[in-house]
J.: 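This is the structure I want to talk about, given as structure tokens.
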Amino acid sequence: MPSGEYDPDAVEPRWQRRWVDEETYAYSDDDPVDPNTVFSIDTPPPTVSGSLHMGHLYGFTLQDFVARFERMNGGETFFPFGYDDNGIASERLTEDELDIRHQDFERREFQAKCREVCADYEEQFTENVQSLGVSVDWNHTYQTIEPRVQRVSQLSFLDLYEQGREYREKAPAIWCPECETAISQVETEDDEQGSHFNDIAFPVVGGDADDDLPAEFVISTTRPELLPACVAVFVHPDDEENQALVGESAEVPLFGHEVPIIADERVDMETGSGIVMCCTFGDQNDIEWYQVHDLDLRVAIDESGHMTGVAEAYEGLHADEAGEAIVEDLDEAGALLDRRDITHTVNVHERCGTSVEFLVTEQWYIEMLDKTDEYLAVGREMDWSPEKMFTRYEHWVEGLQWDWLISRQRSSGIPFPVWYCDDCGEVVVADKADLPVDPLSDDPPVDACPECGHDAFEPEDDVLDTWATSSLTPLINAGWDWDDEAGEFTMERPELYQFDLRPQGHDIISFWLFHTLVKCYEHTGEVPFEETMINGHVLDENREKMSKSVGNVVEPEAVLEEFPVDATRYWAAGTAVGDDFPFKEKDLRAGEKLIRKLWNASKLVESLAPEPFPAEPEGGLRELDRWLLAELDAEVERLTDLLDDRAFSKARDELRSFFWNTFCDDYLEIAKQREDDAAAYTLRTAHRRFLKLFAPLLAHVTEELWHDMYADAADKAALADGASDSIHLADWPEPLGVEADRDAGTAATAVVGALRKYKSENQLPLTAALDAVEVYADVRGFEDDITGVMHVDDLAVHPDGDAPVETVITGIDLDYATVGPKYGDQVGDIEAGLAQEDYELADDELHVAGVTLVDEEFAVEEERQYRGEGELLQADDVVVIVRNDA
RNA sequence: GGGUUGGUAGUCUAGUCCGGUUAUGACACCUCCUUGACAUGGAGGAGGCCGGCAGUUCAAAUCUGCCCCAACCCA
């Protein structure tokens, strides 16, 4: 039985432990699960780092709303958890934690260290997530580096290879010189950086001798260190001033090699001098020019960002140092004409912020550019919450310029199951049955090259892009595997696929969602998700992005120190899904108040309707009881629809105001007067339904009350609806189908409201007695309720009688929805006629401005005047007269 | 530079897709009320003309165009 004040500090951790210990949310593999009713969620595996941030709290909570609602409302729910410990993030974490460098270790050795470090962090992380009370099934977790997942990832590689969707090619690729690996388009981002524009004089070959040719021209560049890599100079075909240069050659200053001057439309005439140099490679334009004009390849910068032999005297310098040195030397040689500060956007690696280079290297790709139309169609098949997020997907797919580069030159990660013939270079892949393999330590499945018969092989030592693995989470969760005997792919839990929901942040639509669609579509031929729910970012109280450098980061730990978890859940439900939204302490306070209200109201229900639980009385319920249950029926339907639509904010506010205003302020206040079985039955019935409706939102307090009042009660079989373990395993309420005159109930509460207002305006206590009240409305059946709660000595109800009031017509309201379209621009005249009171009313018809309006097209606005004894109160359409001598 | 989203009372926000004339709710604010749980409560009040300009329309927060501001995505 609930008593005293609610103590979330004690209650919440207790339930969190029990939910985990008792495996409350475990997905039952044992019984056959109906694929039509199972609800499966492909949850985002967070990158392992010890602590939570508000984005975690928000994201997990939103997922949990869906999981808890669907679990109650539908069948079995699959809510797994993954740890993304495969890749650069966990390499970095390990290097920092142990103060080591991955280059100093053998791959296996370093990977072992990664796993040790990650294991500690994962344990901590698990505790943190469990302290949020999310209903994860802790029996179904995975790590993206574990052997089972490595097998899935390598199977995926082999399947796509066999389908001809993968190829290996030596070509310019985006390269991070800091991480020393190739990366894909999605891993780059723009960064505004300060730089210099250097105006450099290029001599024209033969320009001194020919009067028609200038001796030199100017090129403005931000990257002087690329001068040694210069292979051509470009002029726009519309650039008349410099047209004479086209077809000639230029001499690259300091380095002296001659390069052709070519016309091309891709030149931006507005930037710098309008003449641009092409280097292999400075940006993507250079790559296009290199390919289209079949230019030389001069590689000046190596894998680690240092100058190569092509840079002659500058060899071995870091590119930045070389740039400075070259500028100095140009200045000395008189070739530097100007140098000015600018800010421009550069392409950087999103993980380390280093400017990317473009290097010609041999890499593995997944072909995508040929199928973008299909990937768009597949994306369109899903339900998007909110819909607008689909446009982001659309733009990303339409803007794709590269196939997916999946090889990374890193130590840690999942290896390619690939060897190459030492002699002819033939690709040899592993047998599916042998996976996972590491070619560095495992032997290829053949003794001799199937192509040339050579017997020595070179292992592939690159590892797979982490997204190549995390894009397989639906297949990992469904237990995708290869059955060697049957020669086909299988699923351990086929009923889960396709997944019902993919929740994730909008920032990784182009990473995770897109790549998952591509991979799963290629493997299974169908879209992996029915629905995707895209959440926004958490901002600070001032709607600013949280950032460590600004110092406005709110830590979940600090919030949970001060507020109950249920209050953070209330806050998290407070915005439309998909919008970025601010951290709001006000909402946490409001959440706390709601929790307290629910607790206190439950105490009152307990005392008004103590055990034993009364059955529905034979004499039936009173009007008021049926009215409440009927209103609650309507509320159940509204709320179910809102939660189906993931409209958490509306659901939260809707339920809160119905519970607070209708149940607590109206029904409970009246029910306090009563001690009959009908009231007790109604209170208990409504209360149990409220707890269930609140359960997805306020997971802890509802569980505590459920156990206090129902699940652990003496008569629990009858009370707990078969859910004595947890309210979260109870069935979602269905409408009871209670018949009630809801108009009468509404009128009765309007009367009570009017009397309250009367007392408030007259500064009377709500318990003050009223001598006499007359009601002109059909509120029969509610008389005792009204007199009881409002302390009316003498109540007279006139259900059909005309009120003793005079009505004065104060104006005419038009029904514009009908009148507007019907009369068009005559509406102005009609309004003018009404304003001048130049109209006639007769037989329910209105004659004005030469037209006749019929009954439905207008409403007469009246003011009631009462000249009798007492005071007239207005309460919607109900006339209430109060006489009070006091 | 292109695109997406948003700009509604002191603050946050509903409504905008499907135009209809007293614009929703919460928090803060003011007044009153100790009533069988809750004063961390209850009743009531004041506060906005919907970023700006122009247009379409009988009618615009809601449609169209332009502009300004912010965030994000992509160049």
Side-chain angles (χ1 to χ4, degrees), chain A residues 2-6 185-186 188-190 268 270 283-285 345 347 386-396 398-401 505-507 509-510 536-537 539 541-545 570-571 574-576 578-608 647 649-650 652-654 656-657 660-661 664-665 668-669 671-675 752-768 789-791 813-831 861:
Chain A
S3 61
E5 286 190 17
Y6 178 57
Q185 183 185 345
V186 74
T188 67
E189 64 185 15
D190 293 337
D268 178 6
E270 305 301 314
D283 60 21
Q284 258 189 71
N285 236 347
T345 49
N347 232 229
E387 274 177 59
K388 62 189 179 192
M389 288 299 174
F390 176 68
T391 13
R392 294 220 186 169
Y393 177 85
E394 202 172 19
H395 286 147
W396 169 253
E398 285 171 352
L400 273 178
Q401 299 191 19
H506 61 51
D507 52 333
I509 290 174
S510 52
H537 283 152
L539 308 173
E541 296 247 28
N542 301 316
R543 297 201 133 267
E544 305 282 334
K545 195 172 176 173
Y570 179 87
W571 160 76
T575 195
D579 289 353
D580 287 349
F581 86 122
F583 174 76
K584 284 184 281 190
E585 205 170 304
K586 302 264 169 62
D587 258 26
L588 292 166
R589 294 233 160 76
E592 251 186 325
K593 282 171 67 173
L594 178 60
I595 294 164
R596 194 177 300 120
K597 189 76 180 177
L598 181 58
W599 182 263
N600 287 323
S602 300
K603 280 200 298 188
L604 182 60
V605 167
E606 180 77 33
S607 73
L608 290 174
S649 176
K650 285 179 191 167
R652 179 192 84 169
D653 294 344
E654 171 80 33
R656 177 188 185 278
S657 67
W660 205 304
N661 302 326
C664 292
D665 295 345
L668 262 183
E669 286 302 327
K672 277 181 188 174
Q673 321 293 324
R674 295 168 48 185
E675 284 183 10
V752 171
L755 294 174
R756 269 193 205 131
K757 188 172 176 180
Y758 170 82
K759 289 184 178 180
S760 179
E761 281 171 352
N762 290 283
Q763 304 193 359
L764 295 167
L766 285 175
T767 46
V789 72
M790 281 292 115
H791 303 270
D813 282 335
L814 295 175
D815 177 23
Y816 284 94
T818 359
V819 174
K822 188 166 172 185
Y823 293 100
D825 50 15
Q826 289 181 67
V827 170
D829 297 337
I830 294 172
E831 283 174 332
E861 190 182 292

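Note on naming: letters A, B, ... go to the chains in the order of the sequence lines (proteins, then strands), and numbering restarts at 1 for each one.
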J.: Can you name the closest pair of heavy atoms from A:Glu831 and A:Leu814 and give their distance?
T.: CG-CD1, 4.2 Å

J.: Which one, B:rU4, B:rA37, B:rG45, comes nearest to the side chain of A:Lys757?
T.: B:rG45

J.: State, yes or no, whether a side-chain contact exists between A:Leu588 and A:Tyr570 at a heavy-atom distance under 4.5 Å.
T.: no

J.: Specify the separation, in whole Å, of atom CG of A:Leu539 and atom C1' of B:rA70.
T.: 11 Å

J.: What's the closest nucleotide to the A:Leu604 side chain, out of B:rU21, B:rA26, B:rA37?
T.: B:rA37

J.: Rounded at 0.5 Å granularity, tell me how far CH2 in A:Trp660 sits from CG in A:Leu598.
T.: 10.0 Å

J.: Tell me which nucleotide among B:rU21, B:rA26, B:rA37 gets nearest to the side chain of A:Glu831.
T.: B:rU21

J.: When you compare B:rC50 with B:rU21, how far apart are their C1' atoms, in angstrom units rounded to a whole number?
T.: 14 Å

J.: In whole angstrom, give the distance that lies between atom CG of A:Asp813 and atom C1' of B:rU21.
T.: 10 Å

J.: Check whether any side-chain heavy atom of A:Ile830 sits under 4.5 Å from a side-chain heavy atom of A:Tyr823, and report yes or no.
T.: yes

J.: Of the candidate nucleotides B:rC72, B:rA43, B:rG6, which contains the atom at the shortest distance from the side chain of A:Lys388?
T.: B:rG6

J.: Rounding to a whole Å, what distance do you find between A:Arg656:CZ and B:rG25:P?
T.: 12 Å

J.: Within the structure shown, what part of the strands sits under 4.0 Å from A:Asp665 by heavy-atom distance: base, sugar-phosphate, or nothing?
T.: sugar-phosphate

J.: When Watson-Crick pairs (N1 to N3 and N6-O4 or O6-N4) and G-U wobble pairs (N1-O2 and O6-N3) count only below 3.5 Å on both distances, what is the dot-bracket string of RNA chain B, with | for other-strand pairs?
T.: ((((((((.[[[..)....(....]]].(((((.......))))).....[[[[[..)....]]]]]))))))).

J.: Between B:rC58, B:rG42, B:rU21, which nucleotide has the shortest distance from any of its atoms to the side chain of A:Asp825?
T.: B:rC58

J.: State whether A:Arg652 and A:Asp587 are salt-bridged, where the test is any N-O pair (Lys NZ or Arg NE/NH1/NH2 against Asp/Glu carboxylate O) under 4.0 Å.
T.: yes

J.: Within the 4.5 Å heavy-atom criterion, are A:Asn347 and A:Asp283 side-chain neighbours or not?
T.: no

J.: Starting at CH2 of A:Trp396 and ending at P of B:rC72, how long is that distance when rounded to a whole Å?
T.: 18 Å

J.: Touch check for A:Lys597, heavy atoms < 4.0 angstrom, all strands: base, sugar-phosphate only, or nothing?
T.: base

J.: Please classify the nucleic acid contact of A:Gly820 as base, sugar-phosphate, or nothing, using heavy-atom distances under 4.0 Å.
T.: base

J.: Could you check A:Lys597 against A:Arg656 for side chain to side chain contact (heavy atoms under 4.5 Å, CB included), going step by step and ending with a plain yes or no?
T.: CA-CA 10 Å; A:Lys597 189 76 180 177; A:Arg656 177 188 185 278; over 6 Å; no

J.: Given atom NE2 of A:His537 and atom C1' of B:rC72, what is their separation to the nearest angstrom?
T.: 9 Å

J.: If we take the P atom in both B:rU8 and B:rA71, what is their distance in whole Å?
T.: 15 Å

J.: Among the nucleotides B:rC58, B:rG6, B:rA37, which one has an atom lying closest to any side-chain atom of A:Pro821?
T.: B:rC58

J.: Look up atom NE2 in A:His506 and atom CZ in A:Arg392, then write down how far apart they are to the nearest 0.5 Å.
T.: 5.0 Å

J.: Check every atom of B:rU21, B:rA43, B:rC12 against the side chain of A:Ser760 and return the nucleotide holding the closest atom.
T.: B:rA43

J.: Looking only at atom C1', what distance separates B:rG6 and B:rC12, rounded to whole Å?
T.: 14 Å

J.: What's A:Glu669 touching, base or sugar-phosphate or nothing? Going by heavy atoms closer than 4.0 Å.
T.: base

J.: Using a 4.0 Å heavy-atom cut-off, does A:Gly399 contact any base of the nucleic acid, only the sugar-phosphate backbone, or nothing at all?
T.: nothing

J.: Grab the CZ-P distance between A:Arg756 and B:rG45 for me, whole Å please.
T.: 13 Å

J.: With sugar-phosphate meaning primed atoms plus P, OP1 and OP2, does A:Glu398 contact a base, only sugar-phosphate, or nothing at under 4.0 Å between heavy atoms?
T.: nothing

J.: Could you give the distance from CZ (A:Phe390) to NE2 (A:His395), rounded to the nearest 0.5 Å?
T.: 10.0 Å

J.: With a 4.0 Å cut-off on heavy atoms, is A:Glu387 in touch with a base, just the backbone sugar-phosphate, or nothing at all?
T.: nothing

J.: Name the closest nucleotide to the A:Tyr816 side chain, picking from B:rC33, B:rA43, B:rU21.
T.: B:rU21

J.: If I pick the C1' atom on B:rG10 and the same atom on B:rC29, what distance separates them, to the nearest angstrom?
T.: 9 Å

J.: Counting only side-chain heavy atoms from C-beta out, which of B:rC12, B:rU5, B:rG44 sits nearest to A:Lys584?
T.: B:rC12

J.: Just to be sure I understand the rule, does A:Lys650 reach a base, reach only the sugar-phosphate, or reach nothing, if contact means heavy atoms closer than 4.0 Å?
T.: sugar-phosphate

J.: Tell me which of A:Ser649 and A:Ala817 sits closer to the 5' end of RNA chain B, going by the nucleotide each one is nearest to.
T.: A:Ser649

J.: Does A:Lys586 have a side-chain nitrogen or oxygen under 4.0 Å from the phosphate oxygens OP1 or OP2 of B:rU13?
T.: no

J.: Can you check the distance between B:rG48 and B:rU11, where both ends of the measurement are the C1' atom (answer in whole Å)?
T.: 13 Å

